[in-house]
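Taking it in order: structure first as structure tokens, then the write-up.
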Amino acid sequence: MRGWTLALLWWGLWFVLGVHSLRPPAAKPMNSDMGQFSAARAFRHVETLASANRTVGTRHHGRSRRYIAAEMGALGWVIRLQPALYPMGAFAGQYVQLTNLEARLLRPGPEILVSAHYDSVATGPGAGDDAAGVAAMIEVARILSARPDPPAVRMVFTDAEELGLLGMKAYAAQDGIFDNVRAAINIEGRGARGPSLLFETSPNNQDLIDAFAQAPVPVGNSTAYEVYRNLPNDTDFSVLRDAGVPGVNFSFIGGFLHYHTAIDTPENLSVRSLQHHGEMILSMIDGLSSGDLDEDAPNVVFFSLPGGLVGRYPSVLALPLAIVALLLTIGACIHQKRSAKD
């Protein structure tokens, strides 16, 4: 019995550590070090943006765009607006007047592109979807602006995502727009709380996962993407991926009943989730800014482990390992049955 007890205690400890590792980091207060991401500072942007719904064409939609432009401009980023009359694919002859906002920290070398959409559905103010992503980007922009030697970063605040990814489609339609982009980081929100989960990557993702593994609290797994790709809705990252831009896609999914509803409000948004968004953006920017990504790198299966570790192995081993696991399970069942007869 002692061996079984020790085994149960061991696995129980790993379970507790695993659950704890899935918790977002504690939110940093307003008076925290100015070189660090502070959810309290970012939350002010969420309150402004999510004070009403930001459906394309509404008054608050336009106010939100002007607010983002003013905040980013004040931080010294170069602002470019991209107005576009873009067709709605499901409705022949109907077009949407949208305006994307691009902000660049002009530095030599390939850029890291960070994106989130600033519009919302008509049924709610979109604190999680996607004011949290926009607010995190503004706070990250503040930190990068204060660095003596920041990397080259481009931030794209897309419009009309809720109408079919129209803003990112219009952005991607510009000739050569991604020529100087090394990698992309897309930020989404499908709920109101939980960790900022890496749930999707581009193909040949080994270098991307290596950068992800350097984050203070890396949370994600390949299984999440298998679930996501069977859901009916896409994100702006789908456009980036199809355009051949290597990158990663993050979202929190806890409290999913808030998604696209009137209760997706700042009051219901977890500041810990906002903190994790910001820390993941900063960490991925730093990790991806140094060194080129190998276009021929293998795909890896990845998963979070206790203690902030990331397990990974080449995807070509997925089937053999599954077969081995199945054979071991069958063998264990046969052994158990024989033991019962003895």
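Just so you know, residue 1 is the first one in the sequence shown, and it goes up from there.
One distance of note links CD of E295 with CG of D207; it measures 11.0 Å at 0.5 Å rounding. Put simply, CZ on R154 and CZ on R104 are 4.0 Å apart, with the number rounded to the nearest 0.5 Å. Here the CD atom belonging to E200 is positioned 11.5 Å from the OG atom belonging to S222, to the nearest 0.5 angstrom. Note: S202 OG to F237 CZ = 5.0 Å, rounded to the nearest 0.5 Å. Distance OG/S38 to CZ/R44: 8.0 Å, rounded to 0.5 Å. Taking CE of M72 as the start and OG of S145 as the end, the distance is 7.0 Å to the nearest 0.5 Å.
Counting only N and O atoms by type, the side chains of N186 and N249 include a donor and acceptor under 3.5 Å apart. Remark: the D286 side chain and the S283 side chain contain no N/O donor-acceptor pair separated by less than 3.5 Å. Defined by atom type and a distance below 3.5 Å, a donor-acceptor pair is present between the side-chain atoms of D236 and T158. Between the side chains of D129 and H117, at least one donor N or O sits under 3.5 Å from an acceptor N or O. Between the side chains of Y118 and D130, no donor-acceptor pair of N or O atoms lies under 3.5 Å. H277 and S196 share a donor-acceptor pair across their side chains, judged by distance under 3.5 Å alone.
Heavy atoms of other residues, nucleotides or ligands lying less than 6.0 angstrom from CG of L163 number more than 12. When the shell of 6.0 Å around CZ of R59 is examined, it contains 12 or fewer heavy atoms from other residues, nucleotides or ligands.
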- [ ] Take V114 and V153, measure what side chain to side chain contact (heavy atoms under 4.5 Å, CB included) needs, and give me the verdict at the end.
- [x] CA-CA 8 Å; V114 187; V153 176; 4.2 Å; yes

Task: Steps toward side chain to side chain contact (heavy atoms under 4.5 Å, CB included) verdict (T261, T123) - done: CA-CA 5 Å; T261 70; T123 52; 5.8 Å; no

Task: E279 and K28: CA distance, side-chain angles, deciding distance, salt bridge (charged side-chain N to carboxylate O under 4.0 Å, His left out) verdict - done: CA-CA 11 Å; E279 290 187 8; K28 287 186 170 58; 3.6 Å; yes

- [ ] Given side chain to side chain contact (heavy atoms under 4.5 Å, CB included), test M34 with R41 step by step and report yes or no.
- [x] CA-CA 10 Å; M34 296 300 286; R41 288 191 285 260; 3.4 Å; yes

TODO: Would you please test E102 and Y171 for side chain to side chain contact (heavy atoms under 4.5 Å, CB included) and show each step?
DONE: CA-CA 9 Å; E102 177 193 82; Y171 188 78; 2.5 Å; yes

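Using a 30° and 60° split on the angle between ring planes, F212 and F302 fall in the perpendicular class, above 60°.
Between the side chain of R142 and the backbone N or O of M137 there is no donor-acceptor pair closer than 3.5 Å. Side-chain N or O atoms of E139 include none that pairs as donor or acceptor with a backbone N or O of A39 at under 3.5 Å. Q174 places no side-chain N or O within 3.5 Å of a backbone atom of Q82 that could act as its donor or acceptor partner. Listed for the S304 side chain is a donor-acceptor partner under 3.5 Å among the backbone atoms of G220. With K169 contributing its side chain and G164 its backbone, the two residues share a donor-acceptor pair below 3.5 Å. Checked by atom type and distance alone, the side chain of S273 never pairs as donor or acceptor with a backbone atom of L269 at under 3.5 Å. Not a single donor-acceptor pair under 3.5 Å links the side chain of N53 to the backbone N or O of P125. Remark: side-chain polar atoms of D119 are not paired, donor with acceptor, to backbone N or O of D159 under 3.5 angstrom. Side chain of Q214 to backbone of A211: no donor-acceptor contact under 3.5 angstrom is found. In this structure, R54 contributes its side chain and L49 its backbone to a donor-acceptor pair below 3.5 Å.
Using a 4.5 Å heavy-atom cutoff, the side chains of P24 and V217 are not in contact. Contact of the H60 side chain with the S51 side chain is registered, since non-hydrogen atoms from C-beta on lie closer than 4.5 Å. Contact check for V96 versus V56: side-chain heavy atoms found under the 4.5 Å cut-off. At a threshold of 4.5 Å between non-hydrogen side-chain atoms, the residues V140 and F37 count as touching. With a 4.5 Å cut-off on side-chain heavy atoms, L166 and M88 count as touching. Side-chain atoms of L197 and E188, non-hydrogen and from C-beta on, never get closer than 4.5 Å to each other. In this structure, the side chains of F43 and E47 come closer than 4.5 Å at one or more pairs of heavy atoms. Counting only heavy atoms from C-beta outward, the side chains of F157 and M155 approach each other to under 4.5 Å.
One hydrophobic cluster, built from ILVMFWY side chains closer than 4.5 Å, cannot hold both Y259 and F199; they sit in different ones. Both M168 and V181 are part of a single hydrophobic cluster, where members link through side-chain heavy atoms under 4.5 Å apart. There is a path of hydrophobic side-chain contacts, each under 4.5 Å, that joins L101 to I281. At a threshold of 4.5 Å between side-chain heavy atoms, the hydrophobic network of Ile, Leu, Val, Met, Phe, Trp and Tyr places I253 and M280 in two separate groups. Tracing side-chain contacts under 4.5 Å through hydrophobic residues (I, L, V, M, F, W, Y), one reaches I187 starting from I138; they form part of the same cluster.
What you find for P151 and L105 is that their closest heavy atoms are O-CD2, 4.0 Å. Between I143 and L282 the shortest heavy-atom distance is CD1-CD1, 3.6 Å. Considering all non-hydrogen atoms of both residues, P150 and L144 come closest at CB-O, 3.4 Å. The heavy-atom pair separating G133 from A116 by the smallest distance is C-CB, 3.9 Å. Considering all non-hydrogen atoms of both residues, G311 and L305 come closest at N-CD1, 3.7 Å. Pairing each heavy atom of V46 with each of A132, the nearest pair is CG2-CA, 4.1 Å.
Results of the side chain to side chain contact (heavy atoms under 4.5 Å, CB included) test with L208 over L288, I185, V300 single out L288 as the only residue that passes.
We find that D210 and R312 are joined by a salt bridge, their nearest charged nitrogen and carboxylate oxygen being less than 4.0 Å apart.
Taking the centre of each ring, F252 and H276 stay at or above the 6.0 Å mark.
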